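Residue numbers count from 1 along this sequence. Nothing here was measured: the structure is a model prediction, and the numbers come from that model. Atom set for the values below is all heavy atoms of this structure, side chains included, hydrogens, waters and symmetry mates excluded.
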Amino acid sequence: MSESQRWDDVDLYFASRLAPDDDALLAALRDSDAAGLPPIAVTSTQGKFLHLLAQIQGARTVLEIGTLGGYSTIWLARALPAEGRVVTLEHSAKHADVALRNIARAGLDRMVDVRVGPALESLPKLADENPAPFDLVFIDADKANNPHYVEWALRLSRTGSLIVLDNVVRGGHVTDATSTDPAITGTRTAIDLISTHPRLTGTALQTVGAKGYDGFALARVVE
């Protein structure tokens with residue numbers, strides 16, 4: 001058995017017992033695939049992890065940067081109280097249309113606000129609305145702009161808010177200081193920002209599983 005097959009099998013084992021997909025989640029994945037969206041949604045165990053983080057945080061408001069087909073959005077929205085709110089930003093109108101249908105089918109459309117356009121254009125508009133600080137921010141968009149997204153997460157959050165930055169390991173290439181890949185340079189800059197910013201404390205974990213060799217960073221706003 002290859003290492004990757006072993007990782008997949010372990011993920012399937014945990015998912016089947018701890019984070020099984022229900023009809024709405026399975027339909028979200030199916031319809032995203034049928035629409036030609038890239039198969040890069042979080043796994044069910046990762047979705048459950050986000051769900052639990054939001055619950056542990058006592059989150060009432062969540063900002064998601066990178067909606068894709070709405071799979072992670074559903075996991076996050078389900079963790080919130082009835083009056084909770086998720087604002088999710090998606091660059092692609094096609095992806096957003098799929099996400100809107102998936103979110104509505106899950107019965108969550110009244111608490112999810114999907115905004116279409118480049119996130120670095122949507123974020124200033126969101127800030128102009130002077131929203132209540134977000135309790136949790138999940139960043140899973142174009143990696144080159146990760147530093148900007150972390151900065152915006154800080155601006156739109158509060159002391160005690162959590163920031164989750166996905167896909168930070170880059171198959172191990174995050175250690176390559178000579179890389180010119182924007183996804184790697186953007187991720188490295190974001191990690192440096194978390195490590196040096198006076199308002200943040202954080203860590204990062206490597207993971208293996210159905211998504212291969214990857215990982216995430218988790219930061220808390222401390223002031």
Side-chain angles (χ1 to χ4, degrees), residues 2-11 14-15 19 37-54 57 62-69 71-73 75-76 88-92 95 118-120 123 134 136-157 161-222:
S2 68
E3 282 297 300
S4 61
Q5 183 59 57
R6 189 182 304 276
W7 299 342
D8 289 352
D9 289 349
V10 172
D11 253 12
F14 286 140
L37 273 61
I40 56 174
V42 301
T43 63
S44 62
T45 50
Q46 291 166 340
K48 184 68 174 289
F49 175 75
L50 292 171
H51 180 92
L52 288 171
L53 273 184
Q57 176 73 350
V62 170
L63 173 62
E64 180 181 50
I65 304 175
T67 315
L68 195 62
Y71 181 81
S72 56
T73 318
W75 276 109
L76 287 164
T88 181
L89 311 180
E90 174 53 47
H91 182 277
S92 166
H95 295 181
L120 292 181
L123 286 163
F134 289 96
L136 187 150
V137 181
F138 177 47
I139 302 170
D140 190 13
D142 57 306
K143 311 310 174 187
N145 282 313
N146 274 341
H148 302 300
Y149 297 147
V150 172
E151 289 280 12
W152 274 108
L154 268 171
R155 179 171 174 178
L156 292 166
S157 59
S161 292
L162 294 180
I163 301 170
V164 183
L165 181 63
D166 204 11
N167 307 128
V168 299
V169 172
R170 315 308 306 166
H173 298 296
V174 70
T175 61
D176 184 1
T178 66
S179 176
T180 58
D181 181 342
I184 294 173
T185 57
T187 299
R188 286 176 60 89
T189 302
I191 294 297
D192 288 343
L193 176 61
I194 292 170
S195 73
T196 60
H197 200 289
R199 293 186 59 209
L200 289 174
T201 183
T203 190
L205 295 177
Q206 301 178 77
T207 61
V208 295
K211 301 294 289 292
Y213 175 36
D214 207 342
F216 64 92
L218 176 66
R220 185 170 187 266
V221 182
V222 294

- request: List the steps and the verdict of side chain to side chain contact (heavy atoms under 4.5 Å, CB included) for V222 and L200.
  value: CA-CA 6 Å; V222 294; L200 289 174; 5.9 Å; no

task: Measure the shortest side-chain to side-chain distance between S44 and F14 over non-hydrogen atoms and say whether it is less than 4.5 angstrom.
output: no

message: Looking at every non-hydrogen atom in both residues, tell me the closest pair between A19 and K48 and how far apart they are.
response: CB-CB, 3.6 Å

field: Non-neighbouring partners of E3 that pass side chain to side chain contact (heavy atoms under 4.5 Å, CB included), sequence neighbours left out
entry: R6, W7

field: D11 side chain to A210 backbone, donor-acceptor under 3.5 Å
entry: yes

- request: Test side chain to side chain contact (heavy atoms under 4.5 Å, CB included) on E151 and L193 and set out the steps.
  value: CA-CA 9 Å; E151 289 280 12; L193 176 61; 3.7 Å; yes

- line: The reported gap from CD1 in I163 to CD1 in I194 (rounded to nearest 0.5 angstrom) is 7.0 Å

message: Which heavy atom of T67 sits nearest to which heavy atom of E90, and what is that distance?
response: N-OE1, 3.1 Å

message: Strictly distance-based, threshold 3.5 Å: is any side-chain N or O of Q206 a donor or acceptor partner for the main-chain N or O of G215?
response: no

- prompt: Among pairs that include at least one residue of residues 162-198, which meet ring-ring contact (aromatic ring centres under 6.0 Å, His included), considering only residues two or more places apart or in two chains?
  reply: none

task: For the pair Q46 (side chain) and T43 (backbone), establish whether a donor and an acceptor sit closer than 3.5 Å, ignoring hydrogens and angles.
output: yes

- request: Indicate yes or no: at least one non-hydrogen side-chain atom of P38 is less than 4.5 angstrom from one of H95.
  value: yes

task: Answer whether the closest heavy-atom distance between the side chains of N167 and D140 falls below 4.5 Å.
output: yes

- line: With D166 as partner, the option from I139, L50, V42 fulfilling side chain to side chain contact (heavy atoms under 4.5 Å, CB included) is V42

Whether D181 side chain and A183 backbone form a donor-acceptor pair below 3.5 Å: yes

query: Quick one: does S161's side chain have a donor or acceptor within less than 3.5 Å of a partner on L136's backbone?
result: no

message: For a quick test of reading the model, state the closest non-hydrogen atom pair linking E64 to S72 and the distance between them.
response: OE2-OG, 2.5 Å

- prompt: Can any side-chain N or O of K143 pair as donor or acceptor with the backbone N or O of I184 at less than 3.5 Å?
  reply: no

query: OG1/T175 to CZ/R188 distance, rounded to the nearest 0.5 angstrom?
result: 7.0 Å

- request: Considering non-hydrogen atoms only, spot the tightest contact between P147 and A144 and give its length.
  value: CD-O, 3.7 Å

query: Angle class for the W75/H51 ring planes (parallel below 30°, perpendicular above 60°, tilted otherwise)?
result: perpendicular

task: Compare every heavy atom of L89 with every heavy atom of A119, then report the nearest pair and how far apart it is.
output: CB-CD1, 4.3 Å

- prompt: Could you go step by step and tell me if V168 and V174 meet the side chain to side chain contact (heavy atoms under 4.5 Å, CB included) rule?
  reply: CA-CA 7 Å; V168 299; V174 70; 5.6 Å; no

- request: Measure the spacing between CD1 of I191 and OG1 of T196 and express it to the nearest 0.5 Å.
  value: 11.0 Å

- request: Working to the nearest 0.5 Å, report the span between OG1 of T187 and CG of L165.
  value: 6.5 Å

message: Rounded at 0.5 Å granularity, tell me how far CG in L123 sits from NE2 in H148.
response: 11.5 Å

Minimum heavy-atom distance between V62 and F134, given as atom pair plus value: C-CD2, 3.4 Å

- line: Interatomic distance, CD1@I65 vs CZ@F138, rounded to 0.5 Å, equals 10.5 Å

task: Begin from the C-alpha positions of V137 and L156 and carry the test side chain to side chain contact (heavy atoms under 4.5 Å, CB included) through to its verdict.
output: CA-CA 9 Å; V137 181; L156 292 166; 5.9 Å; no

message: Under the rule for ring pair (Phe, Tyr, Trp, His ring centres under 6.0 Å), what residues qualify as partners of H91, not counting sequence neighbours?
response: none

